[in-house]
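Just so we're on the same page: letters track the sequence lines, and every chain starts at 1.
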Protein chains: 2
Amino acid sequence: MNSLDELTHELFTFFNGFSSWENSVIKTSDLTVSEAHAIEILGNHGQMKMKTLAQHLGVTTGTTTVTVDRLEKKEYATRESVKEDRRIHLITLTEKGQHAFAEHHQYHSNLTEQILSVLSSEENEQLVKILKKINAEAF
Amino acid sequence: MNSLDELTHELFTFFNGFSSWENSVIKTSDLTVSEAHAIEILGNHGQMKMKTLAQHLGVTTGTTTVTVDRLEKKEYATRESVKEDRRIHLITLTEKGQHAFAEHHQYHSNLTEQILSVLSSEENEQLVKILKKINAEAF
DNA sequence: TATGTATTGTTTGATGTTCAAAGTAATTTT
DNA sequence: AAAATTACTTTGAACATCAAACAATACATA
C-alpha cells in the first residue's frame with residue numbers, strides 16, 4: 001500500500017469512527033440527529049434567523065422549518081418575528097435547549113479526552129496544529 | 001479557550017468539513033448515501049453475507065435488505081444463496097459496482113491529496129502516525 | 001406611489017433512511 | 001422429532017431531505 005492510500009485509509013477510518021460515535025451519543029438523548037445539529041449550531045453561535053441556520057446546517061430552509069417546528073414543540077427553542085422586518089424569524093434556544101447544548105458539548109469534550117489519552121503531549125500539539133491548517137485551508 | 005476546548009473545536013470542525021464533502025461527492029453520483037456506503041464496504045472487503053454487511057454498516061439487517069434491494073435493481077450488486085447453508089445470501093459487486101467503487105475511491109484519494117497539499121511532509125508523517133494510534137485505540 | 005422584483009419563511013409531495021417487531025425459511029440442538 | 005436458533009425479509013412508523021409552489025413582506029425604480 002502506498003503512502004497516499006495509507007493516509008486515505010486512516011482518514012476514512014477515523015471519519016467513520018467519529019461518525020458512529022456521534023450517532024450513538026445522539027441516540028442516548030431525547031433528540032434526533034437533525035435536532036441535535038441545530039442545537040449545536042444555535043448553542044455555538046447564539047440566536048439566528050431561519051436562513052442563517054439553514055446555511056449552517058447545509059440544508060434547505062424547508063428542511064429547517066420542519067426541524068425548528070419540532071424543536072419548538074419539544075421546547076428546546078423558540079421562534080419570534082422581528083419588528084423591523086417581519087419576514088424574519090429569530091430562533092433562540094430555551095433554558096432546556098441550552099442545557100441540552102451544554103450536555104452535548106460535554107460529550108464532545110469526553111471524546112476529545114479519550115483521544116488525547118492515547119497521544120503524547122507532543123502528538124497532541126502536532127494534531128492541533130495540523131487540524132488548524134487543514135480546517136483553514138483544505139476544505 | 002483552554003487547550004481541550006481548542007482541540008474539540010478543531011476536531012468537530014474537521015469532522016463537519018469531511019462530512020459535507022462526502023455528502024456532496026455522493027450527490028454527484030447515481031447513488032444514495034446508504035448505497036454508496038454499502039459499495040464502499042463491499043469494495044474494500046469483497047463479497048459478504050447480509051449480516052456481515054449490516055454489521056459493517058452499523059445498521060439492522062432489515063435496513064440492509066432494503067439497501068441491497070436497490071443495489072440489485074440498479075445492477076451494482078447481486079445476491080446469491082449459498083449451497084451449504086441456504087439461509088445465507090452472499091452479496092457481490094457487479095462490474096458496474098466495482099467501477100463505482102473505484103470511482104468513489106478515486107474521490108477519496110483526491111481529498112487526501114487536497115489535504116496533503118497544505119501539509120509539510122513532516123506533518124504528513126505525523127498525521128499518519130497519530131491517526132493510526134487513534135484508530136487503533138481510541139474508539 | 002404603484003408595480004414589479006427580491007427575500008424570508010412555510011407547505012406539499014416525493015424519495016430515502018432507519019428501526020423494531022413480526023414473519024419465513026433453513027439449520028442446529030436436545 | 002420438537003424446540004431453539006439463525007439468516008434474512010417484510011411491514012409500519014418516524015425522521016430527513018429536496019424541489020417546487022406558495023404567502024407575506026420589503027425594496028427598487030419608473
Side-chain angles (χ1 to χ4, degrees), chain A residues 16 19-42 47-74 76-92, chain B residues 16 19-42 47-74 76-92:
Chain A
N16 289 333
S19 198
S20 69
W21 174 88
E22 233 214 341
N23 283 331
S24 69
V25 160
I26 291 174
K27 243 173 239 162
T28 66
S29 72
D30 173 43
L31 300 166
T32 68
V33 173
S34 66
E35 286 160 23
H37 284 165
I39 286 177
E40 175 79 15
I41 287 162
L42 290 166
Q47 92 183 159
M48 64 181 66
K49 58 181 184 166
M50 292 298 294
K51 197 183 180 188
T52 309
L53 179 56
Q55 283 166 342
H56 275 102
L57 286 168
V59 298
T60 63
T61 55
T63 300
T64 307
T65 293
V66 177
T67 303
V68 172
D69 282 348
R70 263 204 317 278
L71 285 180
E72 250 192 327
K73 194 182 293 176
K74 291 186 182 177
Y76 286 101
T78 57
R79 253 191 196 91
E80 43 179 336
S81 67
V82 177
K83 236 179 293 177
E84 296 75 42
D85 184 341
R86 286 187 302 168
R87 291 171 307 180
I88 294 178
H89 291 75
L90 281 183
I91 319 303
T92 313
Chain B
N16 289 333
S19 199
S20 69
W21 175 89
E22 232 213 342
N23 284 331
S24 69
V25 161
I26 291 174
K27 242 173 241 164
T28 67
S29 72
D30 174 45
L31 300 165
T32 68
V33 173
S34 65
E35 287 160 22
H37 284 165
I39 287 178
E40 174 81 15
I41 288 162
L42 290 165
Q47 91 182 160
M48 64 180 66
K49 58 182 185 166
M50 292 297 294
K51 197 184 179 186
T52 310
L53 179 56
Q55 283 166 342
H56 275 102
L57 286 169
V59 298
T60 63
T61 56
T63 299
T64 307
T65 293
V66 177
T67 303
V68 172
D69 283 348
R70 263 204 319 274
L71 284 180
E72 250 192 328
K73 193 181 294 176
K74 292 186 183 176
Y76 286 101
T78 57
R79 253 191 196 91
E80 44 181 333
S81 66
V82 177
K83 237 179 291 174
E84 296 76 42
D85 184 340
R86 287 187 300 170
R87 291 170 306 180
I88 294 178
H89 291 74
L90 281 183
I91 318 304
T92 313

Item checked: Opening and closing nucleotides of DNA chain D in contact with chain A, under 4.0 Å to non-hydrogen atoms -> dC15(D) to dA26(D)
Check: Using a cut-off of 4.0 Å between protein heavy atoms and nucleotide atoms, how would you tag nucleotides 16-28 of chain C 5' to 3' with B, S and -?
Finding: SSBB------BS-
Next item on the list: Check whether any side-chain N or O of K74(B) sits under 3.5 Å from a backbone N or O of D30(B) as a donor-acceptor pair, and report yes or no.
Entry: yes
Notebook entry, point to check: What closest approach, in Å, do R86(B) and H89(B) show between heavy atoms, and which atom pair accounts for it?
Noted result: O-CE1, 4.2 Å
Check: To the nearest angstrom, how far is R79(A) atom CZ from dT8(C) atom P?
Finding: 16 Å
Item checked: Considering all heavy atoms, the nearest M50(A)-T61(A) contact -> CE-O, 4.4 Å
Next item on the list: Identify the heavy atoms of T92(A) and Q47(A) that sit nearest to each other, and give their distance.
Entry: OG1-NE2, 2.8 Å
Check: Starting at CE of M48(A) and ending at P of dG9(C), how long is that distance when rounded to a whole Å?
Finding: 12 Å
Check: Looking at five pairs on each end of the helix from dT1(C)-dA30(D) to dT30(C)-dA1(D), what is the angle between the two axes, given to 10 degrees?
Finding: 10°
Margin query: Which residues pass the side-chain contact (heavy atoms from CB on, under 4.5 Å) test with H56(B), not counting sequence neighbours?
Written below: I41(B), H45(B), M48(B), T52(B)
Item checked: Which atom of I88(A) lies closest to which atom of K49(A), heavy atoms considered -> CG2-CB, 3.7 Å
Item checked: Non-neighbouring partners of D69(B) that pass side-chain hydrogen bond (donor to acceptor under 3.5 Å, both in side chains), sequence neighbours left out -> R79(B)
Check: Roughly how many Å is it from CD in E80(A) to P in dG9(C), rounded to a whole number?
Finding: 13 Å
Next item on the list: Take atom CD of Q55(A) and atom P of dT7(C), then tell me their distance rounded to the nearest Å.
Entry: 12 Å
Note to self: Testing the basics here: between V25(B) and T28(B), what is the closest heavy-atom pair and its distance to 0.1 Å?
What the structure shows: O-OG1, 2.6 Å
Margin query: According to side-chain hydrogen bond (donor to acceptor under 3.5 Å, both in side chains), who are the partners of Q55(B), at least two apart in sequence or on a separate chain?
Written below: none
Check: Is the shortest heavy-atom distance from the side chain of K51(B) to the side chain of R87(B) under 4.5 Å?
Finding: no
